[in-house]
Amino acid sequence: MERINHWIGGKLVPGESGRTGPVYNPATGQQIYEVDFASVEEVDAAVEAAKDAFPAWRATSLSKRTDIMFRLRELIDSHKRDLGLLVTEQHGKVLSDAMGEVSRGLENIEFACGVAHLMKGGYSEQAATGVDVYSIRQPLGVVAGLTPFNFPAMVPMWMFSNAIAVGNCFILKPSEKDPGASLLIAELVKEAGVPDGVFSVVQGDKVAVDRLLEHPDVKALSFVGSTPIARYVYETGTKNKKRVQALAGAKNHMVVLPDADIGMAADAAVSAAYGSAGERCMAIAVLVAVGDIAEPLMEAIEERIPKVKIGDGMDPESEMGPLVTREHRDRVASYMDSAREQGATVRVDGRQDPLYDGDGFFIGVSLIDHATEGMSCYTDEIFGPVLTVVRVDTYDEALRLVNENPWGNGTALFTRDGGAARQFTFDCEAGMVGINVPIPVPVGYYSFGGWKDSLFGDSHMYGPEGVHFWTKGKVVTERWPDPSTSKVDLGFPRTR
Ligand code: NAD
């Protein structure tokens, strides 16, 4: 069985811990690789390589780092399909979607190509008589990124693009479920001219994560994954005096007002609930139908569901692939039974799909209607192709559902009323809002992040907040007085 190794100091390093994990092709259900799990010593070796590389990398001119980021942009772009193939092979999402994720990740590299501008500080001449003040931002040193299974190419790019461009040395700990893309990224990073040790990959599980969380030389960690692990990473990392941002789970609500275009809302709901088999933190998990649009909207969605083509992600005809593991697929399936037991109506049960009984980790799409707040199909992050529908009478009830939900990643409103849309944007408690846009993932020159239990920490990912997260500020106050005017003055420095 082919092994997926670590990448430390600019080369592949086979794991020696004796611990490994299986990587499956979810479309066939077959194990296709064995991935190394790092030991504490192997994580330490990556940190050491990063520490060694840091002084020279941070001293490398902004222009040289810009050249490298431009080259990396071209290399990733020209390997979009290769990266996509690795993602589809191990994650299961369809190839067009996998290549789409690479394109969205590329935005972050493009943004980082502007590092010379992004690192500009401020300057105030004559802050006091003969005194000038300026601010600069400097890299943190050795930093790490811990990523989830659902975007094995894009989420690493969210993190490392800015992290290395501003002068840090970055260690990636990818998801152990689909780690293959991380090594191709590492090769391309090297080919672009990033010095050895500036970008490393340690494969593994909790052992690697815990070592990164406690290693005294790791200054900051960026995490994306489920809420319980995000909370753990945030609490442990900050206790160990590290800067941490931990992006977490979601249960995104799409509110459809009675005046919305039914066809457009149904298209959006089907696309955003079932795309990538619902394994997206920005997927629409809950549809809140306001007033009498509910029944016609359900019918429009039901009409579209049989047309969703489910199959192997490598087949260009497929629109939705399998789930990442059998265990996850079975957990998703269990929500149909609990929804029924708790009184909801399962209008479409994904277990009816013929692929459900095959070897791959497939399940068809599901539609659960008449859900209410206490039901587990409403309270839990299912992270599968399941759309849960809650019917309410008013905008205020819909808004209350959005705002009382413990998660606040994204939310969307479908309407033809500009005033209602503006009010919703003003009122809703979520970090990313779509108006007639079901998956409002910000472009790379804004920042990505949710509110409430969808993010622990105070800065969002990538874009301007990413640059801020990966750097620390320094303010310099300086004067060049005539030494003959110098005298002792015990008063507090004055500016007036
Ligand atoms: P996960 O939390 O299981 O894993 C994320 C990372 O944490 C992986 O690298 C994994 O190896 C590591 N990990 C897992 N268990 C650990 C433990 N006990 N101790 C230390 N580290 C551990 O998440 P996942 O299943 O890979 O990804 C899906 C989740 O990620 C969903 O909840 C989804 O909403 C969330 N997600 C959020 C965003 C966002 O931006 N908010 C984006 C993508 C995914």
Side-chain angles (χ1 to χ4, degrees), residues 4 21 23-24 26 35 37 83 86-93 97-98 100-102 104-105 108 144-161 163 170-183 185 201-206 208-210 212-213 221-234 236-237 244-252 275-283 285 321-325 327-329 331-332 361 380-385 407 409-410 431-432 439 441 448-450 453-457 460-462 466:
I4 294 179
V23 177
Y24 295 93
V35 59
F37 281 2
L83 281 164
L86 287 168
V87 171
T88 296
E89 176 193 50
Q90 296 165 36
H91 172 284
K93 66 176 76 174
D97 195 31
E101 106 163 59
V102 179
R104 292 306 302 267
N108 304 115
L146 316 167
T147 55
F149 80 82
N150 67 324
F151 285 107
M154 181 181 77
V155 171
M157 286 190 257
W158 282 4
M159 298 174 179
F160 80 76
S161 307
F170 181 91
I171 299 170
L172 172 66
K173 206 303 280 173
S175 167
E176 65 277 34
K177 297 193 179 101
D178 47 14
S182 66
L183 292 183
I185 290 173
V201 182
V202 288
Q203 311 290 358
D205 58 355
K206 185 171 165 54
V209 173
D210 284 347
L212 289 166
L213 283 171
L221 293 113
S222 184
F223 171 91
V224 176
S226 61
T227 293
I229 312 298
R231 187 180 281 116
Y232 166 76
V233 164
Y234 183 75
T236 313
V244 183
Q245 58 177 184
L247 277 66
K251 191 84 177 177
N252 306 311
S276 197
E279 291 174 322
R280 290 180 181 144
C281 68
M282 289 293 277
L323 296 189
V324 69
T325 58
E327 191 187 24
H328 182 51
R329 194 280 303 263
R331 184 180 161 274
V332 169
F361 311 146
D380 297 2
E381 184 185 39
I382 301 175
F383 220 56
W407 284 296
N409 216 35
M432 294 168 283
I439 306 188
V441 174
F448 181 110
D453 282 357
S454 292
L455 190 149
F456 300 89
H460 289 194
M461 182 90 51
Y462 69 72

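- With sequence neighbours left out, Thr147 forms a side chain to side chain donor-acceptor pair (under 3.5 Å) with no residue at all.
- Take Asp205 and apply the salt bridge (charged side-chain N to carboxylate O under 4.0 Å, His left out) test, not counting sequence neighbours, and it matches Arg19.
- Evaluation of the salt bridge (charged side-chain N to carboxylate O under 4.0 Å, His left out) test over residues 221-232, restricted to residues two or more places apart or in two chains, returns Arg231-Asp453.
- Applying the salt bridge (charged side-chain N to carboxylate O under 4.0 Å, His left out) test to Glu89 and every residue at least two apart in sequence or in another chain returns nothing.
- A pairwise comparison of heavy atoms in Asn409 and Ala250 identifies CB-CB, 3.6 Å as the closest pair.
- Scored by the side-chain contact (heavy atoms from CB on, under 4.5 Å) test, Ile439 finds Ala272, Arg280, Met282, Val441 as partners (sequence neighbours excluded).
- Applying the side chain to side chain donor-acceptor pair (under 3.5 Å) criterion to Glu101, with sequence neighbours excluded, gives Lys93.
- A perpendicular orientation is assigned to the rings of Phe383 and Phe149, their planes being inclined by more than 60° (bins at 30° and 60°).
- Applying the side chain to side chain donor-acceptor pair (under 3.5 Å) rule to Tyr234 yields no partners; only residues at least two apart in sequence or on another chain are considered.
- For Pro322, the side-chain contact (heavy atoms from CB on, under 4.5 Å) partners at least two apart in sequence or on another chain are Pro26, Ala27, Phe361, Phe362.
- Here the closest non-hydrogen pair linking Leu83 and Ala181 is CD2-O, 3.9 Å.
- Taking the salt bridge (charged side-chain N to carboxylate O under 4.0 Å, His left out) definition, one finds that Arg331 meets it with nothing, sequence neighbours left out.
- By the salt bridge (charged side-chain N to carboxylate O under 4.0 Å, His left out) test, Lys173 pairs with Glu176, sequence neighbours left out.
- With sequence neighbours excluded, the residues that form a side-chain contact (heavy atoms from CB on, under 4.5 Å) with Thr88 are Leu95, Ala98, Met314.
- Under the side-chain contact (heavy atoms from CB on, under 4.5 Å) criterion, Ala230 pairs with Phe223, Ala246, Ala248, Phe456, not counting sequence neighbours.
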